[in-house]
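Notes for the one structure printed next.
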Amino acid sequence: MYKLPFEFYLRDDVVQISRDLLGKHLYTKTDGVLTGGMITETEAYRAPDDKASHAYNLRRTARTETMFKTGGTAYVYLCYGIHSLFNVVTNIQNVPHAVLIRSIEPVEGIDIQLQRRGLTKLHPKMTSGPGAMAKALGITRQHNALSLLSDEIWIEDKGLVIPDQQIVSAPRVGVDYAGDDALRPWRFYLADNKFVSKRLKV
DNA sequence: TTGACGATAGTCT
DNA sequence: GACTATCGTCAAC
């Protein structure tokens, strides 16, 4: 329908793409079941000069290989041995930029998402945080390296415009090991949305 | 082959 | 707000 075209992902400013993804809608369709929601929180990872990125200094391994693919590819990897985290690969082939999708506001197939999370009542924690979000949408490492213009996982533009003043930028989560790069304000979230994992302390 | 280490979540207080 | 379960990845042995 209104899937974001490859050109959206091929741009070279991953931080800008990270902002632009707020308010877009992420969908998955597994076993014919459609689930999705509006993206409310993202983080940009910009190798090779970003120590927080798996592909820092162009490190290529079986895992990071996906990030070297062309923009518009899904990068899914496992964290803490338990959680699947979903990223959007951006830029052209061999430039390993990616945007981590941290939270969504559920819209489509909410009952299915509750079921996958083992919850009975809708609560912001259902889809807030990258591991929780991926679980609610049924994203697993089987989605790794799939095209974001496929029929299993994709992102749509619903024409929603997010004013600048609603976007909060902050340092990324859990990247203290990255030295100076940990301070880069490359996390973005919607100021007035409940479906955000961590807010800036006021 | 092995061991150290997380881009976390859920549970309990 | 604090505590910990838990396992794939990667680099070194």
Side-chain angles (χ1 to χ4, degrees), chain A residues 14-15 17-19 21-22 26 35 37 39-69 71 73-91 95-106 113-145 148 153 168-190 194-202:
Chain A
V14 66
V15 177
I17 294 175
S18 190
R19 291 179 80 113
L21 280 172
L22 293 176
L26 171 64
T35 50
I39 297 170
T40 56
E41 185 179 359
T42 63
E43 284 181 7
Y45 287 84
R46 195 180 69 186
D49 61 338
D50 176 6
K51 294 192 192 67
S53 171
H54 292 159
Y56 172 59
N57 208 12
L58 298 184
R59 184 170 58 170
R60 286 184 98 122
T61 64
R63 179 176 62 156
T64 64
E65 193 59 33
T66 305
M67 271 202 280
F68 289 85
K69 290 183 179 294
T73 302
Y75 171 43
V76 182
Y77 71 92
L78 201 68
C79 180
Y80 291 95
I82 313 171
H83 311 289
S84 294
L85 273 60
F86 168 70
N87 300 249
V88 174
V89 177
T90 70
N91 215 313
V95 181
H97 290 182
V99 178
L100 170 68
I101 309 297
R102 292 186 54 88
S103 305
I104 63 167
E105 177 177 335
Q113 298 186 40
L114 283 167
Q115 204 174 49
R116 284 178 180 146
R117 296 279 285 112
L119 302 171
T120 50
K121 208 170 88 181
L122 185 58
H123 185 280
K125 75 177 179 185
M126 180 177 88
T127 51
S128 302
M133 185 279 294
K135 193 171 177 187
L137 292 187
I139 296 174
T140 68
R141 276 175 306 147
Q142 294 188 351
H143 292 87
N144 186 40
L148 290 175
I153 184 163
V168 181
S169 64
R172 293 170 291 181
V173 174
V175 295
D176 297 341
Y177 61 88
D180 294 345
D181 289 328
L183 300 175
R184 296 180 193 260
W186 284 354
R187 182 163 74 98
F188 301 100
Y189 61 85
L190 296 179
K194 287 191 176 63
F195 295 87
V196 167
S197 63
K198 281 188 183 176
R199 297 179 170 282
L200 216 51
K201 291 176 193 122
V202 201

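Every chain is numbered from 1 and lettered A, B, ... according to where its sequence line falls, protein lines coming before strand lines. In this text, all values refer to a predicted model and were calculated from it rather than measured experimentally.
Checked against a 6.0 Å centroid threshold, the rings of A:F86 and A:H143 do not count as neighbours.
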Contact pattern, 5' to 3', of nucleotides 3-13 of chain B - B, S or - by protein heavy atom under 4.0 Å: ---BBBSS---
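Across all strands shown, C:dT6 forms no Watson-Crick or G-U wobble pair with both distances under 3.5 Å.
A donor-acceptor pair under 3.5 Å links the side-chain atoms of A:R117 to the main chain of A:K125, judged by distance alone. Put simply, the side chain of A:H97 never gets that close to the backbone of A:V89: no donor and acceptor are under 3.5 Å apart.
Between A:L58 and A:F68 there is a side-chain heavy-atom pair separated by less than 4.5 Å.
OP1 and OP2 of C:dT9 both lie 4.0 Å or more from every side-chain N or O belonging to A:T61.
For the pair A:I104 and A:F195, the tightest heavy-atom approach, listed with the atom from each and the gap, is O-CB, 3.4 Å.
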